[in-house]
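First the structure, in the form of structure tokens, and then the observations on it.
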Amino acid sequence: MSRPEHLAPPEIFYNDDEAKKYTQNSRIINIQAQLTTRALELLALPEDKSAFLLDIGCGSGLSGEVLEEEGHVWVGVDIAPAMLEVANEREVEGDLFLHDIGHGFGYRPGTFDGAISISVIQWLCNADKKCNNPYRRLQRFFGSLYTALSRGARAVFQFYPENDDQVQMITTAAMKAGFTGGLVVDYPNSSKARKSYLCLFAGQRDGATQQVPQGLSGIEGGEDGAPGSISFESRRVDDRQRVRKGARKNIKDKDWIQRKKEAMRKKGDKKVALDSKFTGRKRKPRF
């Protein structure tokens, strides 16, 4: 099966039909949620604070919804107009920008507390036009991203490298831009579960050098008892259930809701409900 980046540029490959199919596919929705959750873990954000994040290659906003559920504010950029149109139809919370990341960013220095990207940066390695030089596009991308991040912030890129040369080119461009960090590989011994994350650091955090996180490893001897098989899904589900049961402090309190509503009022593009004594209260279940 051909890789999507070999078939057409992303703004052409993700046309109206493909964008809708992508967003309505339950399997893709589940995978996107799992990958985004793992990327957030690698970002290692403070658990009791809302962060301002950049979603690179946000598509129709599937990953952005996970960021929103975790209490973060996000901005999304994507090159495919059809994907952003679907995101607008779904009324996602993040601000959306149509932009080619290979041209670099124009954000102010230190704007974002972190950045994530799901299944995107391998597209920059493909020269779909004569004027496009993959390495130079990667240099502009990482150089401008380093400037846009606050010092000590992390950027996590989940991607599907075609070969080792691609990994080397992407990593080299990132390091020349000033980033430190490295590659995190989850379940390296599994052909299906293996996932690659480029975890980058924009300087020191709290004056200390940051260490590359360890990748997740499978449990030898899965449910079928086969030696060397990997039962990775149960571990990931357990981690997410642990978060839902209250291990993470809930930051969507009344103050957070009022700040969110005030920001939406300033934008002026949506009708915002008035504040009352019931704002932020947990509603009783209806029978």
Side-chain angles (χ1 to χ4, degrees), residues 5 9-11 39-40 42-45 51-59 63-64 67 73-80 84 94-184 196-213:
E5 59 266 28
E11 65 272 25
L40 277 173
L42 295 173
L43 278 183
L45 297 168
F52 188 39
L53 304 178
L54 178 63
D55 186 358
I56 301 167
C58 63
S63 53
L67 302 180
V73 180
W74 60 281
V75 170
V77 297
D78 202 280
I79 195 175
L84 295 179
D95 293 327
L96 305 173
F97 293 89
L98 179 65
H99 182 64
D100 181 358
I101 62 174
H103 294 164
F105 299 112
Y107 298 112
R108 293 179 179 178
T111 298
F112 298 101
D113 301 315
I116 68 164
S117 177
I118 307 299
S119 310
V120 172
I121 58 171
Q122 68 268 12
W123 288 86
L124 288 178
C125 299
N126 188 41
D128 48 36
K129 300 177 183 177
K130 288 185 177 180
C131 60
N132 284 348
N133 181 299
Y135 185 70
R136 290 179 181 176
R137 285 167 60 79
L138 285 167
Q139 282 185 313
R140 286 194 294 268
F141 167 66
F142 283 118
S144 57
L145 177 62
Y146 184 88
T147 302
L149 293 174
S150 60
R151 293 296 74 101
R154 294 187 179 189
V156 177
F157 303 86
Q158 184 277 326
F159 68 116
Y160 297 101
E162 186 174 4
N163 49 50
D164 292 340
D165 291 337
Q166 265 193 14
V167 176
Q168 183 64 33
M169 180 170 62
I170 293 172
T171 305
T172 301
M175 299 307 166
K176 284 194 174 182
F179 284 105
T180 57
L183 192 66
V184 178
S196 299
Y197 298 84
L198 183 62
C199 189
L200 301 177
F201 314 134
Q204 297 181 341
R205 177 177 288 182
D206 299 328
T209 302
Q210 303 189 67
Q211 302 296 324
V212 178

Sorted by first residue and then second, give each salt bridge (charged side-chain N to carboxylate O under 4.0 Å, His left out) pair with at least one member in residues 145-163; sequence neighbours left out.
none
Partner residues of S119 under the side-chain hydrogen bond (donor to acceptor under 3.5 Å, both in side chains) criterion, sequence neighbours left out:
Q158
Candidate pair L40 and L53, rule side chain to side chain contact (heavy atoms under 4.5 Å, CB included), full reasoning:
CA-CA 10 Å; L40 277 173; L53 304 178; 4.1 Å; yes
Taking all non-hydrogen atoms of both residues into account, name the closest pair between K176 and Y135 and its distance.
CD-OH, 3.2 Å
One pair to check against side chain to side chain contact (heavy atoms under 4.5 Å, CB included): T171 and L183. What are the steps and the verdict?
CA-CA 8 Å; T171 305; L183 192 66; 5.8 Å; no
For D164, does the CG atom sit with more than 12 other heavy atoms under 6.0 Å from it, leaving out its own atoms?
no
Using the test side-chain contact (heavy atoms from CB on, under 4.5 Å), find all partners of D206 that sit at least two apart in sequence or belong to another chain.
none
Which heavy-atom pair separates G181 from M175 by the least distance, and what is that distance?
O-CE, 3.4 Å
Nearest heavy-atom pair of W74 and G64: which atoms, and what distance?
NE1-O, 3.2 Å
List for me each residue that meets side-chain hydrogen bond (donor to acceptor under 3.5 Å, both in side chains) alongside T172, sequence neighbours excluded, and say none if there are none.
Q168
Backbone N/O of A177 and side chain of Q139: donor-acceptor pair under 3.5 Å
no
Donor-acceptor pairs under 3.5 angstrom involving side-chain atoms of residues 143-150: please list them, not counting sequence neighbours.
from : atom 1 : to   : atom 2 : distance (Å)
S144 : OG     : F105 : N      : 2.8
S144 : OG     : R140 : O      : 2.8
S144 : OG     : F141 : O      : 3.1
T147 : OG1    : G143 : O      : 3.3
S150 : OG     : F112 : O      : 3.2

Residues two or more places apart in sequence or in another chain: which of them pass salt bridge (charged side-chain N to carboxylate O under 4.0 Å, His left out) with R137?
D100
How would you list, by chain and number, every residue that makes a side-chain hydrogen bond (donor to acceptor under 3.5 Å, both in side chains) with D78, sequence neighbours excluded?
none
When rounded to the nearest 0.5 Å, the distance separating OH of Y160 from CD of Q122 is 8.0 Å
Taking all heavy atoms of V156 and all of C199, pick out the closest pair and write down the distance.
CG2-SG, 4.2 Å
